[in-house]
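To start, the structure under review is shown below, and the notes come after it.
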Amino acid sequence: MNKTYLKLSLDLDFVLIAITASLKDYMLCHKINTSLNFNFEKVEDHEVYFNIDEDPLPFSKYYFYVEQGEIEYYILNNRNAEGFLIPEMNKVDFFMIIHQYIDKEDLNFILNGLNKLPDIQVAAQIDPRKLKSRENLIM
């Protein structure tokens, strides 16, 4: 009997920015909206199943869409009361995910703007392919 194998590949075609800030998620989004002219709004939580026989863990999620370029921006909280979205990045408080193409100039504008905010300790781009828990970031 022939065996058939299913090979899964994750779509990791997005920009990932790790943000360390000692703010509540809504305050971070408000400061980003105000300083960078974004319009993040709270949407349904991002739920991740860590164990099949347990309920999913919710992580707060904010969304902003730019029609020109069809760019989707998400901000995900890395922490909740029960653990981390990306456990190996336990010093990171939030992730900004950018779906669709964004050029280097726009990305640098976002990174510089985030790093200029006084409440953000650091914002840095990360390669999602290097994360062990990268599947938790798939929307």
List the steps, then state whether side-chain contact (heavy atoms from CB on, under 4.5 Å) holds for Phe94 with Leu28.
CA-CA 9 Å; Phe94 303 95; Leu28 174 71; 3.4 Å; yes
Could you walk me through whether Phe64 and Tyr74 pass the side-chain contact (heavy atoms from CB on, under 4.5 Å) test, one step at a time?
CA-CA 6 Å; Phe64 173 55; Tyr74 295 92; over 6 Å; no
Between Val92 and Ile86, does the side-chain contact (heavy atoms from CB on, under 4.5 Å) criterion hold? Intermediate values first, please.
CA-CA 9 Å; Val92 172; Ile86 306 294; over 6 Å; no
Show your working on side-chain contact (heavy atoms from CB on, under 4.5 Å) between Ser35 and Leu117 and close with a plain yes or no.
CA-CA 8 Å; Ser35 64; Leu117 291 173; 3.2 Å; yes
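Taking NZ of Lys24 as the reference point, atom OG of Ser60 lies at 10.0 Å (rounded to 0.5 Å). Taking CG from Leu107 and NZ from Lys104, the interatomic distance works out to 6.0 Å, rounded to the nearest 0.5 Å. For the atom pair NZ (Lys31) and CG (Leu114), the distance works out to 13.0 Å, reported to the nearest 0.5 Å. Atom-to-atom distance recorded for Lys91:NZ and Asn78:CG is 12.0 Å, nearest 0.5 angstrom. The OG1 atom of Thr34 lies 3.5 Å from the NE2 atom of His30; values are rounded to the nearest 0.5 Å.
A donor-acceptor pair is defined here as one N or O able to donate and one able to accept, closer than 3.5 Å; no such pair exists between the side chain of Asp106 and the backbone of Ile102. Remark: the backbone N or O of Leu23 is not paired with any side-chain donor or acceptor of Asp93 at under 3.5 angstrom. Judged purely by atom type and a 3.5 angstrom limit, Asn51 has no side-chain atom pairing as donor or acceptor with the backbone of Asp53. A donor-acceptor pair under 3.5 Å links the side-chain atoms of Glu88 to the main chain of Lys132, judged by distance alone. Checked by atom type and distance alone, the side chain of Arg134 never pairs as donor or acceptor with a backbone atom of Pro128 at under 3.5 Å. Listed for the Asn80 side chain is no donor-acceptor partner under 3.5 Å among the backbone atoms of Leu57.
Linking Ile, Leu, Val, Met, Phe, Trp and Tyr whenever their side-chain heavy atoms come within less than 4.5 Å leaves Leu137 and Phe84 in two separate clusters. By the rule that hydrophobic residues join a cluster once side-chain heavy atoms approach within less than 4.5 Å of another member, Val122 and Phe109 end up as members of separate clusters.
Between Ile75 and Lys61 the shortest side-chain heavy-atom distance does not fall below 4.5 Å. Contact of the Met89 side chain with the Ile126 side chain is registered, since non-hydrogen atoms from C-beta on lie closer than 4.5 Å. Between Tyr63 and Tyr73, every side-chain heavy-atom pair lies at or beyond the 4.5 Å cut-off. Proximity of Ile110 to Phe38: side-chain heavy atoms (C-beta onward) are separated by under 4.5 Å at one or more points. Under the 4.5 Å side-chain criterion, counting only non-hydrogen atoms from C-beta, Asp103 is in contact with Tyr101. Looking at Ser22 and Gln121, their side chains come closer than 4.5 Å, going by heavy atoms from C-beta outward.
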Using distance only, find each side-chain donor-acceptor pair of residues 39-49 under 3.5 Å and give its atom names and separation, not counting sequence neighbours.
{"from": "Lys42", "atom 1": "NZ", "to": "Asp45", "atom 2": "OD1", "distance (Å)": "2.6"}
{"from": "His46", "atom 1": "NE2", "to": "Asn136", "atom 2": "O", "distance (Å)": "2.7"}

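Ring geometry, Phe14 versus His99: the interplanar angle falls from 30° to 60°, so the pair is classed tilted. Phe50 and Phe59 have perpendicular rings, their planes meeting at more than 60° on a 0 to 90° scale where under 30° would count as parallel.
Shown here for Glu70 and Gln100, the closest heavy-atom pair between the two residues is O-CG, 2.9 Å.
Under the side chain to side chain contact (heavy atoms under 4.5 Å, CB included) test applied with Leu76, the options Ile97, Leu16, Asp25, Ile19 reduce to a single match, Ile97.
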